[in-house]
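Okay, structure first, notes after.
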Amino acid sequence: MYEAQLATYRASPEANAPVKPSKEAKESESSSDSSSDSDSDTPKKPTAKTAKPAPGKAAAGKKAAASSSDSSSDSDSEDEAPKKPATKPAAATATAKAAAADSDESSDWDSSESSSSEDEGGTPQYTREYFLKKVGEPEKPLKKVKRVRAVAPKPDENAAAEAAEPKVEVKAEKVFFPKDAEITHAMMVAKLQEIVAARGKKGTDKNDMIDTLKKLAEISETAKLGVAMRLKIFLHLVAAEFDAASTTPPMSTELWNSCFANVGELLRIVRETPTLIVGDHVTEENENLSDTSKPLAVRGSVLGTVERLDDEFTRTLQSADPHTVEYISHLRDENRLVSLLVAAQEMVERIGVVVDICRLYLRRIEHVYIKLDYREFAEKGLLSSPALASAVSSPTGTDERATALMARLCKYIYHNDKTARIRSRAMLCHIYHHALHDRWFEARDLMLMSHLQETVTHADIETHILFNRTMVQLGLCAFRAGLIVDAHHCLQDLVSSGRAKELLAQGPTQQKYPGAERNVEQEKIERRRQLPFHMHINVELLECVYLTSAMLLEIPNMAAHPYNHKRLMISKHFRKYWDFVDRQIFHGPPENTRDHVIAAARALAACNWNQAQTLIRSIKIWSLFPTADKVKDMLSLKIQEEGLRTYLFTYSGIYDSISLDTLAQLFDLPQATVHRIVSKMIMSDELHASLNQPTNTIVVHRSDLSKLHHLALLFTDKSTTFIEKNEFLFEQRSGVQGFREQQQRAASAYSNQRRGPGQRPAAAGKEGGQQRLQRQFVGGAGAAQTQRPRRFGQPRNYHNNNNNSNNSNVNNTATQADAQQLAVSSS
């Protein structure tokens with residue numbers, strides 16, 4: 001199609017060379033290019049021609065369109081060629097090729113216009129050649145659009161360096177007083193009041209206020225205004241630091257250290273100036289800051305700042321993660337704080353105000369009562385690792401022993417305090433300290449004499465928490481002392497509730513309903529009550545001690561009452577886990593502490609005391625006790641003794657007599673211990689037997705209930721209850737009163753008639769076999785009484801001896817004929 005034009009151009013390139021366009025032509029060309037770009041972006045459909053040529057003239061029109069497209073392509077190539085300089089032939093050739101491609105596109109567009117016009121104007125002739133590809137027509141190359149990547153400008157290195165440098169704002173130094181002016185006390189007080197008046201106002205910079213007060217303290221020191229003015233400025237400085245901590249709790253370490261140094265400065269000033277009077281009782285009118293002829297007086301409370309510093313220390317420990325180094329670093333500051341309390345104690349003792357002395361004594365007690373004095377255990381030889389006594393510092397911060405310090409401080413509070421709260425908290429801390437050091441009897445007597453278990457319900461929540469902690473420590477102390485019954489009763493209420501962490505302030509409150517919303521304010525208050533981690537009591541150890549105590553009490557009780565053990569249970573919490581394990585078909589090896597205790601209980605119930613000992617001693621949590629070896633030995637002995645009692649309860653019915661020597665060898669116990677246990681069981685009517693001294697044996701009396709006896713008595717009780725309910729309903733519906741009394745009188749008269757005239761009435765005669773059997777097994781003097789553990793604080797009476805005197809001579813045994821008669825009459 002273009003061969004003729006290309007041949008002409010190649011033959012005479014100078015004749016067909018493009019003319020250099022003028023400036024106006026270039027501008028028109030750029031505008032046309034932009035318009036063509038916009039047209040290419042949004043192509044428009046060519047409009048149809050209004051004239052309709054004849055069908056015969058379609059071919060002629062098509063040829064004319066082709067010739068017009070060729071001419072247009074030539075003109076386009078001539079316009080685009082001058083864009084490149086003529087000195088570069090390669091560029092000119094590329095431009096010519098691009099122009100040819102553009103002309104090709106324009107010819108295609110014209111051809112499409114002609115075809116559309118043919119479609120609209122007339123009916124074209126569709127032949128085979130119309131649809132086939134033409135042989136001489138070259139393939140049209142795809143037009144490639146070059147995308148120009150935008151290059152970001154290189155940043156200026158100098159500008160970046162200037163932006164990275166922090167801008168230091170140079171603050172103008174504040175001028176508090178005129179230059180070269182003599183600073184007096186009045187000027188300093190006026191300036192101090194002006195600064196303090198801005199406290200609490202909106203927009204006040206608290207850190208700026210702290211810096212201002214520090215500057216005032218330096219000016220006061222330079223002007224030599226005296227210790228009273230310095231003390232007054234430092235009181236306001238410490239208050240400003242506490243205000244800065246209240247906005248972002250807890251107080252930061254730097255701020256706490258600064259506040260600690262300022263409080264120490266306050267105590268130093270008061271200690272070095274004995275004539276200085278400081279306190280809340282001093283009014284602003286009575287303040288004396290400059291007149292040395294009179295005693296200096298400053299309004300403020302140094303003791304209040306010490307107490308607030310102690311509270312901020314506790315808040316810091318509450319918010320810190322106990323498993324990080326930060327918590328340990330905070331905890332090391334306690335020794336510094338205790339030394340500060342000792343200095344404050346000297347100050348209040350010199351002043352002599354009883355209320356302040358009691359308040360500060362309680363602060364010292366609360367820092368000492370939870371700490372174990374290892375030196376005391378080392379002197380008794382009870383420590384598992386004696387190196388602890390030399391490694392741990394003194395809990396009091398002085399050379400005074402913790403026991404003597406607690407006794408001295410608590411006794412002063414007992415005699416001089418007039419408020420119930422301080423005295424109650426001091427007494428609970430004293431009991432806790434006694435129990436922590438295994439002084440069980442002193443702790444128990446102090447608890448019983450104080451009657452705190454009766455009055456603690458009227459105390460505040462913090463005192464409730466301290467009471468719960470004290471009862472837990474009492475239970476642990478009783479357990480270490482081998483008093484299993486007392487340990488069980490001290491821990492029963494707390495462990496059975498299922499809220500041990502909440503009651504000990506060691507965890508959040510559990511919601512009664514899972515979907516209930518929590519109050520934000522209530523959560524904040526509960527979070528403030530939480531104790532620091534180093535004051536926590538191990539809840540797993542607490543549960544282990546309680547379950548072990550319940551095992552040693554419950555297993556013999558279940559063996560003594562095999563048929564009605566569900567009614568006579570000692571520990572409901574232990575029974576719940578026992579029943580859960582008992583319902584399982586396969587029992588795997590124990591995994592946690594609770595599994596070890598339940599597995600040991602199952603072995604003890606089968607009288608396998610060796611396996612029970614192994615399981616209990618393998619629990620690793622006993623190492624938390626300072627006397628772990630002593631506790632394990634005590635538990636081994638208790639398991640042997642309770643195993644002996646369980647064996648006698650379970651298998652005494654198949655023996656006529658048992659040798660004490662055999663029992664001693666079977667349970668690896670001394671013969672004296674076996675004799676003591678058996679004698680106690682016989683005296684408390686737990687074992688129906690007698691001791692034969694010449695033969696050193698136990699003679700067993702077969703008077704225990706069989707299964708038939710138990711079922712017969714159970715049937716009798718249910719039948720009696722059923723008859724009484726029916727008679728009561730009959731009286732209500734019929735309106736007849738005294739129906740049951742009439743039935744009883746009729747039955748008594750009928751029985752008297754059958755006895756005959758010479759016999760005594762049944763009511764006045766000797767009781768029959770059925771009455772004797774019921775008296776024996778339902779609750780008479782000869783019945784085997786249940787040995788219930790006593791509650792804490794009751795007299796030391798482990799069994800019920802409240803029997804009537806008229807039942808003392810009743811026969812303790814029943815014949816087999818009486819039992820059969822009872823079973824027949826019941827059926």
Just jot down the ring pair (Phe, Tyr, Trp, His ring centres under 6.0 Å) partners of W622, sequence neighbours excluded, or say none.
F479

Got a sec, which residues hit ring pair (Phe, Tyr, Trp, His ring centres under 6.0 Å) with H367, two or more places apart in sequence or on another chain?
none

Suppose we screen for side-chain hydrogen bond (donor to acceptor under 3.5 Å, both in side chains). Which residues come up paired with T463, at least two apart in sequence or across chains?
D460

Partners meeting side-chain contact (heavy atoms from CB on, under 4.5 Å) with E591 (sequence neighbours left out)
D595

Pairing residues for Y651 by the side-chain hydrogen bond (donor to acceptor under 3.5 Å, both in side chains) criterion, not counting sequence neighbours:
none

The criterion is side-chain contact (heavy atoms from CB on, under 4.5 Å); which residues satisfy it with T455, sequence neighbours excluded?
L452

Between K630 and D633 (salt bridge meaning N to carboxylate O under 4.0 Å), is one present in this structure?
no

When you measure from the side chain of E543 to the backbone N and O of V539, does any donor-acceptor pair fall under 3.5 Å?
no

Please name all residues satisfying ring pair (Phe, Tyr, Trp, His ring centres under 6.0 Å) with H430, sequence neighbours left out, ordered by chain then number.
H434

R529: side-chain hydrogen bond (donor to acceptor under 3.5 Å, both in side chains) partners, not counting sequence neighbours:
none

Can a side-chain donor-acceptor contact be found between S571 and Y546 if the only test is distance below 3.5 angstrom?
yes

Could you check whether D311 pairs with R363 (Lys NZ or Arg NE/NH1/NH2 to Asp/Glu carboxylate O, under 4.0 Å)?
yes

Pairing residues for H451 by the ring pair (Phe, Tyr, Trp, His ring centres under 6.0 Å) criterion, not counting sequence neighbours
none

List the residues meeting side-chain contact (heavy atoms from CB on, under 4.5 Å) with S636, not counting sequence neighbours, and say none if there are none.
Q613, R617

Test side-chain hydrogen bond (donor to acceptor under 3.5 Å, both in side chains) applied to R480 - qualifying residues, sequence neighbours left out:
D438

R499/E502 salt bridge by N-O under 4.0 Å criterion
yes

What residues, two or more places apart in sequence or in another chain, satisfy side-chain contact (heavy atoms from CB on, under 4.5 Å) together with S319?
P250

